[in-house]
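Read the structure below first, then the notes.
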Amino acid sequence: VGDAKSGKSAIASRAIQYHLEQDIPLYVASGEMTEIDQIIRPIASIAGHTTASIESGSVMNDDKFLKSLDILRKKKVFITNDRMNLRMVEDAILRYRYLHGVTTFIFDQLNLFEEVQMDRSTGSSIGVQQVAAFTRYMSIKHKVCIIVFHQFNNNVSQSPTKRGTPNDAKGGGSTKSQWSKLVLLYRPEQHGLANFEDGPFKGMRSHGLIELYVGAGNRLPPGSALLKFIGEQQAVDIPDEYMSVGGKQ
């Protein structure tokens, strides 16, 4: 769960890159980005180029770019931007789990599910709760990992210094109870803030950094970690080894 532009799609791109490099089957559905946009980001990260240079075609003969394409060869990473609904989730799991051995499914993001779109006309959160409950049920039934990206309520977006809590996720506590694990994102830079204004890294420069922190989860102890956001590739990576955090490194 994260605010708008907090790095959710960048984390999805990193997951695609990891599964490509490790040759692990993966299914990704995004209602926000085309299939081409979804694959350009991990290619840019692997090749060390910007997404803009790949889109413009200026690196088509570059050796690093060509080697990054070789990594895609014969990999079982399936990407779509089809309309998202619960029937699509079930069809995807049945098809890709049992035909291609996929055990990780990513859906980016929950607000774009048709069931959730219907909530907007009624002002309820029934659709959010339906998606959360159904994806957990399918995960348990078919023994797969399902990762769903979601957003905070508007009050978090309108309070740039606020770190969201599990109860700030759209759908509230009843939705939170359906998730077996809940990881939250905080990226002050998206609001133009130079420093972290809340949490364990308060006072630290926020340039290029995202905080991930555990909101709830079985066998996930409470805690925070930092990710480095790479805007030119719309990707995330591990930060530099030594960083000043409250006077400590």
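Because the structure is a prediction, the values reported are computed rather than measured. For the numbers below, each heavy atom of this structure counts, side chains included, while hydrogens, waters and symmetry mates do not.
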A side-chain contact here means heavy atoms from C-beta on lying under 4.5 Å apart; do Ile46 and Gln17 qualify?
yes

ask   = Can you find a side-chain donor-acceptor pair between Ser206 and Glu189 that sits under 3.5 Å?
value = no

Donor on one side chain, acceptor on other, Asp3 and Ser157, under 3.5 Å:
yes

Next item on the list: Could you tell me whether the side chain of Ile54 reaches within less than 4.5 Å of the side chain of Val59, counting heavy atoms only?
Entry: yes

*For the residue pair Trp179 and His150, categorise the inter-ring angle as parallel (less than 30°), tilted (30 to 60°) or perpendicular (more than 60°).*
perpendicular

Exercise for review: Give a yes or no on whether Leu212 and Leu209 share a hydrophobic cluster (residues Ile, Leu, Val, Met, Phe, Trp, Tyr; joining criterion: side-chain heavy atoms under 4.5 Å apart).
Suggested key: no

Taken to the nearest 0.5 Å, the spacing of Asp37 CG from Thr51 OG1 works out to 9.0 Å

Can Arg83 and Glu114 be said to form a salt bridge (charged side-chain N to carboxylate O under 4.0 Å, His left out), step by step?
-> CA-CA 8 Å; Arg83 295 175 65 182; Glu114 291 179 356; 2.9 Å; yes

Short side-chain donor-acceptor distance under 3.5 Å, Ser53 and Ser56
no

Margin query: With clusters defined by side-chain heavy atoms of hydrophobic residues (ILVMFWY) lying less than 4.5 Å apart, directly or transitively, does Ile140 cluster with Leu94?
Written below: no

Exercise for review: Say whether, by atom type as modelled, one donor and one acceptor occur between the side chain of Asn85 and the main chain of Arg87 under 3.5 angstrom.
Suggested key: yes

Exercise for the section: Flag yes if more than 12 heavy atoms outside Ile126 fall under 6.0 Å of its CD1 atom; otherwise flag no. Expected result: no

**Prompt:** For atom CE of Met60, is the number of surrounding heavy atoms from other residues, nucleotides or ligands below 6.0 Å larger than 12?
**Reply:** yes

**Prompt:** In terms of the angle between their ring planes, are Phe107 and Phe105 parallel, tilted or perpendicular, with boundaries placed at 30° and 60°?
**Reply:** parallel

Output for pair (Tyr27 OH, Tyr96 OH), nearest 0.5 Å, gives 6.0 Å

**Prompt:** Below 4.0 angstrom, N of the basic side chain to O of the carboxylate: do Lys76 and Asp23 qualify?
**Reply:** no

(Q) Between Asp62 (side chain only) and Lys64 (backbone N and O only), is there a donor and an acceptor less than 3.5 Å apart? (A) yes

In short, Arg205 meets Phe196 closest at the heavy-atom pair O-CE1, 3.8 Å

How far apart are the C-alpha atoms of Thr161 and His191, what are their side-chain angles, what is the distance that settles it, and do they pass the side-chain contact (heavy atoms from CB on, under 4.5 Å) test? CA-CA 9 Å; Thr161 62; His191 298 290; over 6 Å; no

field: Neighbour count >12 (heavy atoms, 6.0 Å) for atom CG, Asn61
entry: no

Q) Are Ile147 and Leu20 in one and the same hydrophobic cluster, where Ile, Leu, Val, Met, Phe, Trp and Tyr link if side-chain heavy atoms are under 4.5 Å apart? A) yes

Thr80 and Asp82 side chains, donor-acceptor separation under 3.5 Å: yes

Any heavy-atom pair between the side chains of Gln233 and His49 that's under 4.5 Å?
no

Closest heavy-atom pair, Leu227 versus Asp237, reported as atoms and distance to 0.1 Å, is CD2-O, 3.5 Å

For Lys181, does the NZ atom have more than 12 heavy-atom neighbours from other residues, nucleotides or ligands under 6.0 Å away?
yes

Here the gap from Lys141 atom NZ to Arg97 atom CZ, rounded to the nearest 0.5 Å, amounts to 13.0 Å

Here the gap from Asn155 atom CG to Gln158 atom CD, rounded to the nearest 0.5 Å, amounts to 7.0 Å

Nearest heavy-atom contact between Pro166 and Leu182 is CB-CD2, 3.5 Å

Check Lys67 with Asp70, please: is the shortest side-chain N to carboxylate O separation under 4.0 Å? no

Item to check | Met33 backbone acceptor or donor facing Gln38 side chain under 3.5 Å | outcome: yes

Original post:
With a cut-off of 6.0 Å (strictly less than), are more than 12 heavy atoms of other residues, nucleotides or ligands near CG of Leu99?
Top reply: yes

- Does any non-hydrogen side-chain atom of Lys228 lie less than 4.5 Å from one of Val236? no

Nearest heavy-atom contact between Ile106 and Phe149 is CG2-CE1, 3.5 Å

Notebook entry, point to check: Are Ile16 and Ile36 connected, step by step, through hydrophobic side chains (Ile, Leu, Val, Met, Phe, Trp, Tyr) whose heavy atoms are closer than 4.5 Å?
Noted result: yes

For Ser68 and Phe65, indicate whether the former's side chain and the latter's backbone hold a donor-acceptor pair under 3.5 Å. yes

> Is the NE2 atom of His100 crowded by more than 12 outside heavy atoms at less than 6.0 Å?
Replying inline: yes

Check whether any side-chain N or O of Gln151 sits under 3.5 Å from a backbone N or O of Ala169 as a donor-acceptor pair, and report yes or no.
-> no

In terms of ring plane angle, is the pair Tyr98 and His142 parallel, tilted or perpendicular, where the classes change at 30° and 60°?
perpendicular

Between Gly164 and Tyr213, the two heavy atoms sitting closest are O-OH, 2.5 Å

Please assess Lys8 against Leu185 for the test side-chain contact (heavy atoms from CB on, under 4.5 Å), listing each intermediate value before the final yes or no.
-> CA-CA 8 Å; Lys8 297 186 298 295; Leu185 305 179; 3.6 Å; yes

Decide yes or no for Ile43 and Leu69: does some side-chain heavy atom of the first lie under 4.5 Å from some side-chain heavy atom of the second? yes

Using side-chain contact (heavy atoms from CB on, under 4.5 Å), reason through Thr103 and Cys145 one step at a time and then give a plain yes or no.
CA-CA 6 Å; Thr103 56; Cys145 170; over 6 Å; no

Validation row: Phe229, Gln234 side chains within 4.5 angstrom (heavy atoms): yes

* Asked: Should the pair Glu211-Arg163 be classified as a salt bridge under the 4.0 Å nitrogen-to-oxygen rule?
  -> yes

Nearest heavy-atom contact between Gln117 and Leu112 is NE2-CA, 3.6 Å

The reported gap from CD in Gln190 to CG in Leu193 (rounded to nearest 0.5 angstrom) is 9.0 Å

Discussion item. Quick check: is Leu26 connected to Val144 through a chain of hydrophobic side chains (ILVMFWY, heavy atoms under 4.5 Å apart)?
Written reply: no

Taken to the nearest 0.5 Å, the spacing of Ser30 OG from Met84 CE works out to 7.0 Å

Within the 4.5 Å heavy-atom criterion, are Ile40 and Glu55 side-chain neighbours or not?
yes

Exercise for review: Side-chain contact test, heavy atoms from C-beta onward, threshold under 4.5 Å: evaluate it for Val131 versus Val89 and give yes or no.
Suggested key: no

Quiz prompt | Donor-acceptor contact below 3.5 Å, side chain Lys143 vs main chain Ser139 | solution = no

_Between Val1 and Phe152, is the side-chain contact (heavy atoms from CB on, under 4.5 Å) condition met? List the steps._
CA-CA 7 Å; Val1 180; Phe152 287 121; 3.6 Å; yes

Any side-chain donor paired with an acceptor under 3.5 Å for Ser125 and Gln129?
-> yes

